[in-house]
Amino acid sequence: MSVHPFTPDANAALDRLGFTRRRFLKGSGALIVGFSAVGLADTLGVAPGVGSAQTAQERRSRLDSWIAIAANGAVTAYTGKCELGQGLFTAQTQLVAEELSVPLARVTLIQCDTSVTPDQGGTSGAQSHPTNFRQANLALAAATAREALVQLAARRLGVPAEQLAATDGVVRVKADVSRGVSYGDLVGGKRFELPLNPSARRKPASEWTVLGTPARRLDLPSLVTARVEFVHNVRVPGMLHGRVVRPPSVGATLVGIDESSVAGMPGFVKAVVKKDFVGVVADKPWQAQQIAARLTVTWKPGPALPSQASYYDHMRTQPSQDTVWVDSGDIEATLSSAATVMRATFLHPYQMHGSLASSCAVADVRGGQATIWAATQNVFGLRSTMAMMLGVEPEAVRVAFRRGSGCYGLNGVDAVAFDAALLSQALGRPVRVQLTRKDEMAWENYGTPFVIDQRVGLDAKGTIVAWDTVSWTAGRGGRVGAATPGNVVTGFLTGFQPAAFAPRGPAPATAPFNDQNSAPAYVTGCVGGTCDGKGTVASERAIVRRVWSPFFTGPLRAPSQLQNTFAHESFMDDLAAKVNADPVAYRLRHLRDPRLIDVVNAAAKAAAWTTRPSTRPARRRTGVITGRGFASVAMEAGAATNGWVAMVADIEVNQDSGNVVVKRLFIAHDCGPISNPDGLRNQLEGAALQGMSRALREEVTWDGEKITTADWRAYPSLSLGNEMPVIETVLLNRPDQPATGAGETTTALIAAAIGNAIFDATGARLRQLPFTPVRVKDALAARA
Amino acid sequence: MSTIALKVNGRSHTLDLDPATPLLYVLSDDLELRGPKFGCGLGQCGACTVISNGRAIRSCTTPVGTVAGAEITTLDGLGTPEKPHPIQQAFIDEQAAQCGFCLSGVIMTAKAFLDQNPKASEPEIRQALSGVLCRCFTHTRMLKAIGKYAEGRNA
Ligand code: FES
Ligand code: FES
């Protein structure tokens, strides 16, 4: 494939490194760790690694180096996990520096470019940090390189490897630190290509000097002085500017366009139609925007949308795809013999990712080759779906990640990359597409709505004996993955279908127990003889019914985990109130997972929680009143628990206006070993406050035909002007445990913590999000 | 089209432009500046904020013709990575950013406000920032950074 031009920034970065990847791979002195077992692996005595087991096919589909050490000692690491504002760039650089025993400044991290970095799937689900830290990959590659260098040094110095130690890029004799040899000298003019060595020794946390420290974000000086090249800043020679014209209503199909309506407008180059996709291209962006607004397009309306007012009931009546996460088989029997049965229904709306950036991408599709600059979370997935869109082989597509704004799951980044590529392909010139705010907000993949029915049986002592949860959620599309361009709007408009939806009766889950917290932490979670639940309630059932959504949906920070945790933790509070128990003590009474118990206790301690019955004596029913709520959760994601967290929220409710202000948050958090405590705090704070905005304000709305929350007036985010709570965070560090995610934990909890605080303050229980002033006032009015 | 003279970050430019073009497009496309960003294009988020003759303005809704000859400063023009402006330094000190897309809105709005109201209290600063969004919700750290800058400036 021909080499497409790199952007000026990318060229500058490669120049700084002193090579392009191609030249580098051909170049003389280097030590490279990759998948493939070639080169001098056995002369170094390094066992062939996983690389040797790779099939040729796999080898072709992946770029195989993770770490390269040049003859001058400079370290380049390649990662498939990208910086999305979560600080991953810095944390991964710390990781490489730590495992390789070199100073932070010597490491250059190259992120997410299908032409140079390994295929690590997406950057999502708060899984990226654990992926590169816990499993093989980047950490192991660095450890492999360090061990190999120590062995080379052993030979060079004539000293057994056990008597050597590497620090600051030099391997020294432990007993005589004046004797040593630098990595650069060891590499010299030679070439070493090593496979990943699965038995390379990872540094235990007790030996860390770079990891575990609050290293400052390496990119911040450039970021705050506007030197970073965001995807919005990518400029390539000969580039034109595109805008899309999305359908005016959901499900509308294109009848036709009248190009004469824009003929002669300044800068107009071309209008492009592909099935229901419409876009225009102009010389300059402002021209493109005006042309897009002026173009006459005729659409045939789609079917009417279900009424929003009755949407939650509508969901219950739709054909559904049912998944049974756990079923002890005795739920009805236990409930019928329980002393008390409590029921409640919890409602969660569609919400937006609402990224600050309207998405943007640049594409250069010419001569059967494509280069795409996009803020995608998955460069390889976008490469293969892009190939489907363009009708070319994946090998003909290069996707290079460039930063966008925080995305919190899935915003318009992949859709706009398709938009740009379609227009570029039609023009044979590079095209940049900037979405409008409305394009972004009316067509993104929203976080999913939920209706959650809870039924719980209590025995005579008030202990929970059965917990049944049945929920309905609506979905359509999602991440494009490797083969589903129709999962986002542009792919769909050009004729690709979203991932198939097949209604079916209850079937056992194929994923591990309780993925996404369908069941509360308080059940035993016994499936097929193993009990992975965090609690003691043995009579248990959790069923999720997924129905088809009229709108595209996708994972939004703490996907389903937030909705489920809102329902479980709010209901737990209801139950504690019912039996007049302290909410913290009542939780502990039903938990058996030590790490969850630890965060519950730590949050209560940090907040100086005063044990109290849940229902307070009669309180003032007007004016401003304060309350305190508790919530806790172990985040369930895939096979492992992905973080433990507990939270206390102190709030004020203005009972006259219905306005809720969160004054203070106490957070206790456990995500295994902490790589960067300051970065972790930044994530926990941001995730909590974003969750607070969602809990208090955010809801997607629609009328009979279209989304009506398509700008920031209609979809109100809390701004820098809103009062924010003081946040106190207790970090439980577990150096001996595997690393877990931390980017979503507090998002999952805060709605329940606030709702429980409102209940504490006022005695009114809110079971529907968001807690807008109107809903709060309605709930207050409904108090007995 | 008409000829428009712009003074941006201390440099003069003469451009041949439709005077109705929003200033943001001119700054980011013609002058290739990276500070002001396209967030909404509707004046609702602040990501495009620049300082014009000492006032924070939203460049996405400001026709370029209306700021011809004004002294315009963008986030790029405040300081450099090596020598950041004190307010930028305060953001580095407080590690007050996640994705950073909102920084023009937060920093330029706060700076223009504090330049005019050096003694402003925290609620007043927040009031000035009430139309500025950060969807990563780095609010707490950002307000701390702004507070530090305000203190330093008065010291
Ligand atoms: S981009 Fe100008 S205010 Fe949002
Ligand atoms: S840091 Fe991402 S929007 Fe503010």
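Worth saying up front: this structure is predicted, and the values here are computed from it rather than measured. Quick note on labels: first sequence line is chain A, next is B, and so on, each numbered from 1.
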Taking all non-hydrogen atoms of both residues into account, name the closest pair between [X] and [Y] and its distance.
X        : Y        : result
A:Gly404 : B:Cys99  : O-CB, 4.3 Å
A:Gly406 : B:Cys136 : CA-SG, 4.1 Å
A:Pro725 : B:Thr140 : O-OG1, 4.3 Å
B:Gly100 : A:Phe230 : C-CZ, 4.3 Å

Pick from [options] with the largest number of heavy-atom pairs that fall under 4.5 Å of chain A:
options                     : answer
B:Thr80, B:Thr138, B:Leu78  : B:Thr80
B:His85, B:Met1, B:His139   : B:His139
B:Ala128, B:Ala47, B:Ser28  : B:Ser28
B:Gln89, B:Arg141, B:Gln127 : B:Arg141

Under 4.5 Å heavy-atom distance to chain A, tell me which part of [X] shows up: side chain, backbone, both or neither.
X        : answer
B:Leu24  : neither
B:Leu17  : side chain
B:Ala110 : neither
B:Val106 : side chain
B:Glu82  : neither
B:Leu103 : side chain

Let me know if [X] has heavy atoms under 4.5 Å from chain B in its side chain, its backbone, both or neither.
X        : answer
A:Gln434 : side chain
A:Met352 : backbone
A:Asn722 : backbone
A:Arg713 : both
A:Arg681 : both

Pair A:Leu718-B:Phe137, side-chain contact (heavy atoms from CB on, under 4.5 Å): steps then yes or no | CA-CA 9 Å; A:Leu718 294 182; B:Phe137 286 87; 4.0 Å; yes
side-chain contact (heavy atoms from CB on, under 4.5 Å) between B:Phe38 and A:Cys360, worked out = CA-CA 9 Å; B:Phe38 188 101; A:Cys360 177; over 6 Å; no
Can you check side-chain contact (heavy atoms from CB on, under 4.5 Å) on A:Thr225 and B:Lys83, steps first, answer last?
-> CA-CA 9 Å; A:Thr225 54; B:Lys83 211 175 168 302; over 6 Å; no
Could you grab the distance from atom [atom1] of [X] to atom [atom2] of [Y], nearest 0.5 Å is fine?
X        : Y        : atom1 : atom2 : answer
A:Ser222 : B:Arg34  : OG    : CZ    : 10.0 Å
B:Leu133 : A:Ser693 : CG    : OG    : 8.5 Å
A:His241 : B:Tyr25  : NE2   : OH    : 10.5 Å
A:Gln290 : B:Thr21  : CD    : OG1   : 7.0 Å
A:Leu720 : B:Ile146 : CG    : CD1   : 6.0 Å
A:His232 : B:Lys37  : NE2   : NZ    : 8.5 Å

Should the heavy atoms of other residues, nucleotides or ligands under 6.0 Å from CZ of B:Arg153 be counted, would the total exceed 12?
-> yes
Is the backbone N or O of [Y] less than 3.5 Å from a side-chain atom of [X], with the two atoms forming a donor-acceptor pair by type?
X        : Y        : value
A:Asn682 : B:Ala97  : yes
A:Ser358 : B:Gly39  : yes
A:Arg216 : B:Asp93  : yes
A:Ser719 : B:Ser130 : yes

salt_bridge(A:Glu440, B:Arg135) N-O dist < 4.0 Å = no
Could you tell me which of A:Leu435, A:Leu220, A:Leu356 has the largest number of non-hydrogen atom pairs under 4.5 Å with chain B?
-> A:Leu356
Counting heavy-atom pairs under 4.5 Å to chain B, which of A:Leu223, A:Ile727, A:Val224, A:Thr436 comes out on top?
-> A:Val224
Apply the test side-chain contact (heavy atoms from CB on, under 4.5 Å) to residues A:Lys438 and B:Leu42: give CA-CA distance (whole Å), side-chain angles for both, the deciding distance (0.1 Å), then the verdict.
-> CA-CA 10 Å; A:Lys438 186 174 173 193; B:Leu42 305 167; over 6 Å; no
